[in-house]
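Below: the structure, in structure tokens.
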Amino acid sequence: MSPKPVVTRFAPSPTGYLHIGGGRTALFNWLYARGRGGKFLLRIEDTDRERSTPEATAAILKGLTWLGLDWDGDVVSQFEMKDRHAEVAREMLAKGAAYKCFSTQEEIEAFREAARAEGRSTLFQSPWRDADPSTHPDAPYVIRMRAPREGETVIEDAVQGTVRFGNDQLDDMVCLRSDGTPTYMLAVVVDDHDMGVTHVIRGDDHLNNAARQTMVYQAMGWDIPVWAHIPLIHGPDGKKLSKRHGAVGIEEYQVMGYPAAGMRNYLTRLGWAHGDAEFFTTEQAKEWFDLPGIGRAPARLDFKKLENLCGQHIAAMEDAALLHEILAYLEAAGKPALTDLQQDRLGRGLYCLKDRAKTFPELIEKAEFALASRPLVADEAAAKALDTVSRSILSELTPRLRGATWSKEDLETILTETATAHGLGFGKLAAPLRAALAGRTVTPSVYDMMLVLGQDETIARLEDAAA
RNA sequence: GGCCCGUUCGUCUAUCGGUUAGGACACCAGGUUUUCAACCUGGUAAGAGGGGUUCGACUCCCCUACGGGCUGCCA
């Protein structure tokens with residue numbers, strides 16, 4: 001048992017939608033905390049006032065909510081903590097762990113130009129690092145970290161292992177901008193410390209940053225959290241995620257009709273493994289999820305596998321929860337709301353629909369029989385099944401159906417006898433029946449449709465088709 | 001350029017010095033069938049390349065190649 005309770009956080013910057021990679025990072029943090037009775041916090045990294053928007057924040061919250069990731073406490077705005085950040089910067093100044101740098105952007109740029117030209121390191125070396133305060137001009141300045149120039153900074157990463165950085169590779173990063181606002185490098189450390197974050201699980205694009213941030217922890221004498229830098233997700237082509245493939249906002253996946261449980265399962269499994277476990281519940285994921293199980297290589301998105309898992313989750317869901325999520329999907333996708341009758345029929349029909357669909361649109365397509373109202377308009381393929389001969393068989397069928405008890409056994413008897421009487425295989429009879437009942441060729445079994453529709457509606461539809 | 005990370009079937013991965021390198025998705029063939037989905041049986045398919053270390057390397061070390069990241073008063 002760990003002495004400290006686990007506290008993780010997800011800290012997106014509100015400069016765009018929450019894409020699938022961010023969603024997975026959030027999910028990993030959530031699973032880790034929730035599986036250990038810890039806390040999962042949410043902090044919006046909005047210190048970049050130029051690029052941060054409230055719309056992006058709203059989209060992120062919406063995406064997390066859809067994914068089913070709940071956070072503890074209020075959402076923290078990093079920007080609102082700016083006074084605290086400045087306070088820490090001044091404290092570092094007082095300790096000699098930081099210094100005022102009066103170099104202008106132009107001077108820094110010139111330094112880099114020259115360094116590049118001479119083939120030296122372009123890491124900026126401020127002339128103010130060791131300047132006597134009495135020489136300080138009355139001009140804007142930034143506060144820079146006084147980073148050690150010798151030795152190395154070592155980070156122990158739960159995913160990447162021990163990673164060493166020569167301190168000559170790390171520059172004196174800016175902690176406080178000349179306008180007094182904090183930079184990300186300072187703000188993350190201060191906030192993570194203040195919020196009591198024990199485990200930092202984030203994209204490995206931050207691996208290098210961890211070394212810099214370690215210096216701040218050390219300067220302030222704070223405990224360093226457990227680092228876990230996870231590989232990024234790539235598109236199906238192995239390239240960085242782009243708009244073309246998968247980099248859309250995570251809520252787009254709801255619009256595409258993937259159930260959240262399937263999404264969680266897939267995302268958890270992407271880059272993490274628990275032996276041969278492929279299909280599992282969120283409860284199991286919470287129980288099993290750990291840091292050593294995370295892989296070190298970037299993983300590609302595979303929609304086929306996503307669909308496969310989603311299909312399994314749809315089949316495994318309770319009818320009530322499934323119906324609820326389907327209704328939410330319809331709304332998110334901008335489809336018309338269902339009437340009470342449609343909801344009722346869909347709900348009662350789920351038992352025979354949910355094991356034949358991988359996504360909600362697919363399920364809805366197969367649920368046409370339950371959603372449509374008379375008179376049905378058969379689609380092209382279905383219309384072909386309703387030829388003259390077939391229609392006459394249907395009209396011959398209805399009187400028998402009127403006398404049926406409407407048990408599955410009874411219906412089976414009637415239909416197989418009818419088929420046999422005409423020297424037909426059951427399939428030959430099922431096709432026009434299916435067309436009459438659903439107006440489609442892709443549906444649940446004809447028996448199930450009859451059961452869901454009930455005797456009156458079934459007979460009415462058959463009469464419509466036979467007419 | 002410098003620094004850092006990565007590389008097992010098409011894809012996600014298991015393996016944590018000794019396995020006929022396993023599973024899942026996808027794919028192919030056959031079976032079943034009331035359309036779809038599913039299901040059953042079988043099959044194709046992998047350790048980037050080169051050096052070491054070792055009785056023995058996918059596993060450890062080095063080099064190369066190829067990907068990726070960082071190198072901002074962005075996060």
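Predicted, not measured: the structure shown is a model, and the values here were computed from it. Side chains are part of it too, since the values below use all heavy atoms of this structure and drop only hydrogens, waters and symmetry mates. Proteins get letters first, then strands, A, B, ... in listed order; numbering begins at 1 in each.
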Handout entry: Pair A:R43 + A:D192: basic N to acidic O under 4.0 Å
Key =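 Looking at A:R43 and A:D192, the cut-off is met.
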Handout entry: Side-chain ion pair, A:R84 and A:E87, N-O less than 4.0 Å
Key = yes
Angle between ring planes, [X] versus [Y], binned at 30° and 60°: parallel, tilted or perpendicular?
| X | Y | value |
| --- | --- | --- |
| A:H274 | A:W288 | parallel |
| A:F426 | A:Y447 | parallel |
| A:F124 | A:F111 | perpendicular |

Practice task
Give a yes/no answer on whether the side chain of A:T441 brings an N or O atom under 4.0 Å of OP1 or OP2 in B:C36.
Solution key: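 For A:T441, the contact criterion (side-chain N or O under 4.0 Å from OP1 or OP2 of B:C36) is not met.
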Exercise for the section: For B:C12, take OP1 and OP2 only and decide whether either is under 4.0 Å from a side-chain N or O of A:K304. Expected result: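 So the side-chain polar atoms of A:K304 never come under 4.0 Å of the phosphate oxygens OP1 or OP2 of B:C12.
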Establish whether the base of [N] is bridged to the side chain of [X] by a donor-acceptor pair shorter than 3.5 Å.
| X | N | result |
| --- | --- | --- |
| A:T443 | B:C36 | no |
| A:R296 | B:C5 | no |
| A:D276 | B:G22 | yes |
| A:R356 | B:U35 | yes |

Consider the side chain of [X], meaning its heavy atoms from C-beta on, and name the nucleotide among [options] that approaches it most closely.
| X | options | value |
| --- | --- | --- |
| A:F165 | B:C4, B:C70, B:A37 | B:C4 |
| A:K358 | B:C5, B:U34, B:A38 | B:A38 |
| A:Q169 | B:G6, B:A24, B:C3 | B:C3 |
| A:E362 | B:A37, B:A75, B:C4 | B:A37 |
| A:R434 | B:U34, B:G68, B:A38 | B:U34 |
| A:N208 | B:G23, B:C12, B:C4 | B:C4 |
| A:S178 | B:A75, B:A14, B:C73 | B:C73 |
| A:D205 | B:C36, B:G69, B:U71 | B:G69 |
| A:P298 | B:G6, B:G69, B:C73 | B:G6 |
| A:Q160 | B:C70, B:C73, B:G6 | B:G6 |

Handout entry: Atom C1', compared across B:A14 and B:G47: separation rounded to whole Å
Key =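 Approximately 13 Å lies between the C1' atom of B:A14 and that of B:G47.
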Exercise for the section: Using the C1' atom as the reference point in each nucleotide, state the distance between B:G69 and B:G43 in Å, no decimals. Expected result: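 Those two atoms are separated by 40 Å.
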Problem - Base-pairing assignment for B:G42 (Watson-Crick or G-U wobble, both under 3.5 Å) - result: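 Pairing partner, where one exists within any strand: B:C28.
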Exercise for the section: Would you classify A:H229 as touching base, sugar-phosphate or nothing, given that sugar-phosphate means primed atoms plus P, OP1 and OP2, and contacts are heavy atoms under 4.0 Å? Expected result: nothing
